[in-house]
**Q** 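Below is one structure. I have some questions about it.
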Amino acid sequence: MDQNHELPKTYSPSEFEDRIYQNWCDKGYFTPAKDSNAPKFSVVIPPPNVTGQLHMGHALDDTLQDILVRYKRMQGFDTLWVPGTDHAGIATQIKVEENLRVNEGLTRYDLGREKFLERVWDWKNKYGDRIISQLKKLGTSCDWTRERFTMDEGCSRAVREVFVNLYNKGLIYRGHRIINWCPHCLTALSDAEVEYKDMDGNFWHIRYPIKGEDGKFVEIATTRPETMFGDTAVAVNPEDEATKHLIGKTLILPLVGREIPVIADDYVEIGFGTGCVKITPAHDPNDFLVGQRHDLEQIKVMNDDATMNAYAGKYEGMDRYACRKALVADLEAEGYLIKTVPHPHNVGVCYRCGTVVEPLTSDQWFVKMKPLAAPAIEAVENGTINFVPERFSKNYFNWMNNILDWCISRQLWWGHRIPAFYCDSCGEMFVSKEDMTVCPKCGKALRQDSDVLDTWFSSALWPFSTLGWPDKTVDLEKYYPTSVLVTGYDIITFWVSRMIFSGLEHMGKEPFSTVFIHGLVRDAQGRKMSKSLGNGIDPLEIIDKYGADALRFALATGNSPGNDRRFSDEKIEAARNFANKLWNASRFVRMNLTIDEIKLPEESKLALEDKWILTKFNALVANVTAALDKFEVGVALSNIYDFTWDVFCDWYIELSKVRLGAQGTEENLVAQNVIAYILTGTLKLLHPFMPFITEEIYQALPHDCESIIISKYPELNKSECYDKANEQMERIIAAIKAIRNRRSEMNVVPSRKAKVYIATPYTDSFNSETAVFFGRLASASEVEITDKIETFEGVVSADNAVQIITDSATIFLPLADIIDTEKEMARLTAEEKKLIGEIERIEKKLANAGFVAKAPAAVVEGEKVKMAKYQENLEGVRAAIAKLK
RNA sequence: GGAGGCAUAGCUCAGUUGGUUAGAGUACUUGCUUGACAUGCAAGGGGUCGCAGAUUCGAGUUCUGCUGUCUCCACCA
């Protein structure tokens, strides 16, 4: 044992966490051995955005991953966890622009593309480093020698490769489509990047006069009157008796005077609204489709910033909402407005800035999804990829089965620039992995597409781009497909689904076999943590105050897959208290240790309690391993918690104190070895969850390995399971608890000792060796044991002593002077009643022919045994009552 | 509109294929300076497992309906 490595009196994690982490890094424990032939276990981190800092969501996600990774590493797997960060296109660009505006009053256009990008890279370097250091604070055992960034050279090459491959296969195309446009971010958004919010709006009912039919009109209801300038038709359902007569007529657009036709399209729902729908192909996704079917003109009436353009006539230059207001007023003044009806509805907003998106047509790049989705659906259907919990596959199928083409171009500067090159001179376009400057056709200069790719385009490649693809690297060969992906249910559609089809398409193999889904971390009131609410809890502050281990414990405990968790002061305090308990128990063990090496003594030397704790420990190992293999992280941890606190500390340590105090004896050495063996074993089981404290204690005890990180994870050892000893010990514990219980009920202070008389058939449990426990744990001054209760006749009985009946013994405490006969009688009567109740219940059960015939024999037998026990106890209780009378 | 989750002690949550008297943390009550730990020890009170049915010898657990609540997807002009 390293006598110099002491455990200070107080548990203060800040004293050692950083030091330990640094040591792990220095020793290179997180980097897998090059020549390992062990089975592989690989994980890629969901790359945090370089925009911000570590939040509770990351802390949970990365804690769960680290638990799995450390567990597998200790089990001897060739384990790799690849870390990295995401450039987070739109989010980061917005941050930097905001920063620029606030600090320098500049826009990105003032700086120009190149200079602006320099600023973003500065930002990335600063915040990317910060988030990495925060991950380290948490204790994540990532292989930092393999750290990646979505825009680093290799990942960028992967992006180009994929883009060109998909383009050549006809799976990427450029098209004039209606897309979601954010007028604030000035970029297209994919469907997934639009969120919907309930807003109060109006239905404005407007007259559209019918040409040539004086005074006649069609009533149109709209929530967005300002798009009127782009109307190129009004549609009615051809089956609608109320409106079909209008088909083919011509209407006159109010205020504008332009003529538009009435067309027939079954998109119009009969009975909804007025039955007539204005069709604005350039500003509404459904109208766009109608327009395509009827070959209608697309008239865009807004600029990119959502101000009105020349088509809006006198409203040109006004913001869309200002225009709406003015337009409605004018329509009313001119008599075109029939009525205004309040209409709450869902409005799409940009997921980054919250601005209401404007659907509009533009030239964008798309990924054709149907052919990619088919194998991705199949892989989950046939079990190549499993969701844990399984129900999230429904989520996935729902999205994949209804998928539309993916708009991947963004009108941003920060991101992977689209590798398309245009010749303005001959009009040709080239898509190329390499940069092109000169047109191969006409020799003129080429211009690269100014747009960048959706940030998820590169994230989709993360499981293989980080391992070196498109090169055929050793890492790729070894670690792809990865073992498990750990992420929150909120990005299944954004990210998980796209990684799956990308992996299948470009690698020909699924990117991971298991998707382990966790929930959100909410605040103590159950609200989502968000900046706007200001209810976010900073993981770093928690670490400073309570330690990373406590944070990890609080996040992992009670965690059940896929469910949200609340985070509260109570939980983190409970976690810290547990760490403190472990710390102090370890200090106790250490101060009683004189051995340099732990060696489990042979069976014949073991005391009853040693066999008992070994049996319990092995059961724990089995349970924890089974739970972790099923991703039941919370279950595994609560098992360790219960064992550590209730079994090891509250019982085994107490039971061992006598022998640990008897220095120089053989039994002392046995006790030392067993207690150290159990403690180090427990530390190993706990290490994946609480890496720092377990390492710190491990180092201070005799240890078999230079670091607990690479020590061998405990395995179930059947030869260490002693069922009989376990049973024997449980009887003692039950008896001690029963005595404590009675003493406490009678308000007997622990300092008042009393002789304990035990009558029991189980003399293998109750004997001179175990009698000592009653002295320490049950305030016994002396213990007398007999297997014949008559021995106590005339010495103790219900009238001069407290009588306690357990399943295995009748115990007397001669506390005659403080016995309240009345109270004692009441207690005994209550107990009698309770036993009678139980017996009746079982009698009824056993009298049920169906139960006896159909229930498993073991269950029936169990009931019979219970019954016999109760009857025996009842007899004892009745005898006591009789004596009291 | 479609899909899913949750509903168990005052609060926060476990409860793995149906099988003891339904558990933990926290809060509460009582007692304790027990030579590791008051961030602790010991004892205790507290639950009609949302409601109504069904299946079964047996339901917190399976099925159906309902109520409340949260989330995801789609989005109606």
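Fair warning: this is a prediction, and the values are worked out from it, not measured in the lab. Lettering of chains follows the sequences in order, A, B, ..., and the numbering in each one begins at 1.
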**Q** For atom P, what is the distance between A7(B) and G50(B), given to the nearest Å?
**A**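 One P to the other, the span is 8 Å.
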**Q** Partner lookup for C13(B), please. Criteria are Watson-Crick or G-U wobble with both distances under 3.5 angstrom; report none if nothing qualifies.
**A**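 Here C13(B) is engaged in a pair, and the nucleotide opposite it is G23(B).
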**Q** Using the C1' atoms only, state how far G47(B) lies from G10(B), rounded to an integer number of Å.
**A**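 Pairwise C1' distance, G10(B) against G47(B), rounds to 11 Å.
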**Q** Reckon N741(A) has a side-chain N or O less than 4.0 Å from the OP1 or OP2 of G44(B)?
**A**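 True: N741(A) side-chain N/O within range (under 4.0 Å) of G44(B) OP1/OP2.
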**Q** Mind checking if T274(A) touches a base, just sugar-phosphate, or nothing, with heavy atoms under 4.0 Å?
**A**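 The residue T274(A) makes no contact with any strand.
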**Q** Could you state the atom-to-atom distance from CZ of F851(A) to C1' of G18(B) in whole Å?
**A**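 The answer, rounded to whole Å, is 13 Å.
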**Q** What's D650(A) touching, base or sugar-phosphate or nothing? Going by heavy atoms closer than 4.0 Å.
**A**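 Contact class for D650(A): sugar-phosphate only.
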**Q** Indicate, with a heavy-atom threshold strictly under 4.0 Å, whether Y641(A) touches base, sugar-phosphate, or nothing.
**A**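 Contact class for Y641(A): sugar-phosphate only.
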**Q** Mind checking H343(A) for me? I need base, sugar-phosphate or nothing, with any heavy atom below 4.0 Å counting as a touch.
**A**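 Counting heavy atoms under 4.0 Å across all strands, the contact made by H343(A) is with sugar-phosphate only.
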**Q** So what does K581(A) touch, heavy atoms closer than 4.0 Å: a base, only the sugar-phosphate, or nothing?
**A**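 Result for K581(A) = base.
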**Q** Looking at G58(B), which nucleotide sits across from it as a Watson-Crick or G-U wobble partner, both distances under 3.5 angstrom, or is there none?
**A**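 G58(B) is unpaired by these criteria.
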**Q** Is the positively charged end of K581(A) above the ring of F648(A), judged by distance under 6.0 angstrom from the centroid and angle within 45° of the axis?
**A**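 Relative to the ring axis of F648(A), which defines the angle, K581(A) lies outside at least one limit.
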**Q** Across the strands shown, which category fits W645(A) at heavy-atom distances under 4.0 angstrom: base, sugar-phosphate, nothing?
**A**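 Sugar-phosphate contact only.
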**Q** At less than 4.0 Å, is any side-chain N or O atom of R391(A) found next to OP1 or OP2 of G4(B)? Yes or no.
**A**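 Looking at the OP1 and OP2 atoms of G4(B), neither is under 4.0 Å from any side-chain N or O of R391(A).
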**Q** Would E840(A) and K844(A) pass as an ion pair if we require N to O under 4.0 Å?
**A**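 Here E840(A) does not pair with K844(A) in a salt bridge, since their nearest N and O are not under 4.0 Å apart.
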**Q** State whether R731(A) and E727(A) are salt-bridged, where the test is any N-O pair (Lys NZ or Arg NE/NH1/NH2 against Asp/Glu carboxylate O) under 4.0 Å.
**A**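 Answer for the salt bridge query: yes.
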**Q** For the P atoms, the ones on C13(B) and on G31(B), what distance do you get once it is rounded to whole angstrom?
**A**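 Pairwise P distance, C13(B) against G31(B), rounds to 33 Å.
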**Q** Any base atoms under 4.0 Å from K571(A), or only sugar-phosphate, or nothing? Heavy atoms, all strands.
**A**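 Answer is sugar-phosphate: K571(A) comes under 4.0 Å of backbone atoms only.
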**Q** Find the distance W204(A):CH2 to A77(B):P and express it as a whole number of Å.
**A**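 Rounding to the nearest Å, CH2 of W204(A) and P of A77(B) are 12 Å apart.
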**Q** Give a yes or no on whether K753(A) atom NZ has more than 12 heavy-atom contacts from other residues, nucleotides or ligands under 6.0 Å away.
**A**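 Yes, because the 6.0 Å sphere around NZ of K753(A) holds more than 12 heavy atoms from other groups.
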**Q** Identify, between N577(A) and K737(A), the residue whose nearest nucleotide on RNA chain B lies closer to the 5' end.
**A**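 Result of the comparison: N577(A).
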**Q** If the C1' atom of C63(B) is compared with that of A77(B), how far apart are they to the nearest Å?
**A**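 One C1' to the other, the span is 41 Å.
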**Q** Any base atoms under 4.0 Å from F203(A), or only sugar-phosphate, or nothing? Heavy atoms, all strands.
**A**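 Result for F203(A) = sugar-phosphate.
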**Q** For G19(B) and U71(B), measure between their P atoms and round to the nearest Å.
**A**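 Approximately 33 Å lies between the P atom of G19(B) and that of U71(B).
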**Q** Taking only Lys NZ, Arg NE, NH1 and NH2, and the carboxylate oxygens of Asp or Glu, determine whether K278(A) and D231(A) approach each other closer than 4.0 Å.
**A**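 Salt bridge: yes.
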**Q** Find the distance D646(A):CG to A24(B):P and express it as a whole number of Å.
**A**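 Rounded to whole Å, this separation is 9 Å.
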**Q** From CZ of F392(A) over to C1' of C73(B), roughly how many Å is that when rounded to an integer?
**A**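 Whole-Å distance recorded here is 14 Å.
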**Q** Within a radius of less than 6.0 Å around CD of Q663(A), do more than 12 heavy atoms belonging to other residues, nucleotides or ligands occur?
**A**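 No, because the 6.0 Å sphere around CD of Q663(A) holds 12 heavy atoms or fewer from other groups.
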**Q** Between G46(B) and A38(B), how many Å separate the two C1' atoms, rounded to a whole number?
**A**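 Comparing C1' positions in G46(B) and A38(B) gives a spacing of 25 Å.
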**Q** Does the cation-pi check pass for R498(A) over W406(A), that is, NZ or CZ under 6.0 Å from the six-membered ring centre and within 45° of its axis?
**A**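 Yes; both conditions hold, so R498(A) lies above the ring face of W406(A).
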**Q** When the nearest nucleotide of RNA chain B is assigned to E570(A) and to F494(A) on a heavy-atom basis, which residue is associated with the more 5' position?
**A**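 Final value for this comparison: E570(A).
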**Q** In whole angstrom, give me the gap between the C1' atoms of U55(B) and U64(B).
**A**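 Each nucleotide's C1' atom is 11 Å from the other's.
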**Q** Which part of the nucleic acid, if any, lies within reach of D287(A) when heavy atoms closer than 4.0 Å are counted: base, sugar-phosphate only, or nothing?
**A**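 Nothing: the residue D287(A), judged by heavy atoms under 4.0 Å, touches no strand.
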**Q** State the pairing partner of C72(B); accept Watson-Crick or G-U wobble contacts with both distances under 3.5 Å, and report none otherwise.
**A**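 Here C72(B) is engaged in a pair, and the nucleotide opposite it is G2(B).
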**Q** Rounding to an integer number of Å, can you tell me how far N873(A) CG sits from U20(B) P?
**A**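 One finds 19 Å between P of U20(B) and CG of N873(A), rounded.
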**Q** Measuring to OP1 and OP2 of A14(B), would you say a side-chain N or O of N563(A) lies under 4.0 angstrom away?
**A**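 So the side chain of N563(A) is within the cut-off, an N or O lying under 4.0 Å from OP1 or OP2 of A14(B).
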**Q** Would you kindly give the CG-to-P distance between L289(A) and C76(B), to the nearest whole Å?
**A**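 For the pair L289(A) CG and C76(B) P, the rounded distance is 11 Å.
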**Q** Answer with base, sugar-phosphate or nothing: what part of the nucleic acid does P856(A) contact at a heavy-atom distance below 4.0 Å?
**A**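 Base, at least one base heavy atom under 4.0 Å.
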**Q** Does K278(A) make a side-chain N or O approach to OP1 or OP2 of A77(B) shorter than 4.0 Å?
**A**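 No.
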**Q** Is there a Watson-Crick or G-U wobble partner for A42(B) with both distances under 3.5 Å, and which nucleotide is it?
**A**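 Across all strands, the one nucleotide that pairs with A42(B) is U30(B).
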**Q** On a whole-Å scale, what distance lies between the C1' atoms belonging to A52(B) and G68(B)?
**A**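 Here A52(B) and G68(B) have their C1' atoms 15 Å from each other.
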**Q** Determine, step by step, whether D569(A) and Y546(A) satisfy the side chain to side chain donor-acceptor pair (under 3.5 Å) criterion, reporting the C-alpha distance in whole Å, the side-chain angles of both residues, the deciding distance to 0.1 Å, and the verdict.
**A** CA-CA 10 Å; D569(A) 287 347; Y546(A) 298 97; 5.1 Å; no
**Q** Looking at A52(B), which nucleotide sits across from it as a Watson-Crick or G-U wobble partner, both distances under 3.5 angstrom, or is there none?
**A**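 The base-pairing partner of A52(B), which may sit in any strand shown, is U64(B).
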**Q** Have a look at Y396(A) and say if it touches a base, only the backbone sugar-phosphate, or nothing, with a 4.0 Å heavy-atom cut-off.
**A**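 Y396(A): no heavy atom of the nucleic acid under 4.0 Å.
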**Q** Does K657(A) reach a base, just sugar-phosphate, or nothing at all? Heavy atoms under 4.0 Å.
**A**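 Base contact - K657(A) has a heavy atom under 4.0 Å of at least one base atom.
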**Q** So what does E654(A) hit on the nucleic acid, given a heavy-atom distance under 4.0 Å: a base, only sugar-phosphate, or nothing?
**A**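 Base: the residue E654(A), judged by heavy atoms under 4.0 Å, touches a nucleobase.
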**Q** Please classify the nucleic acid contact of A585(A) as base, sugar-phosphate, or nothing, using heavy-atom distances under 4.0 Å.
**A**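 It contacts base atoms.
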**Q** Calculate the interatomic distance between K823(A) atom NZ and G44(B) atom P; express it in whole Å.
**A**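 Going from K823(A) (NZ) to G44(B) (P), I get 15 Å.
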**Q** Can you tell which of U71(B), C37(B), A77(B) lies closest to the side chain of T222(A)?
**A**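 Of all the options, the side chain of T222(A) is nearest to A77(B).
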**Q** Quick check on U39(B): is either OP1 or OP2 less than 4.0 Å from any side-chain nitrogen or oxygen of N584(A)?
**A**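 Result: no.
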**Q** What integer distance in Å separates W495(A):CH2 from C72(B):P?
**A**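 Distance check: W495(A) CH2 to C72(B) P gives 19 Å.
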**Q** Taking the side chain from N639(A) and the backbone from V635(A), do they hold a donor-acceptor pair closer than 3.5 Å?
**A**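 The answer is yes, because a donor-acceptor pair under 3.5 Å joins these two groups.
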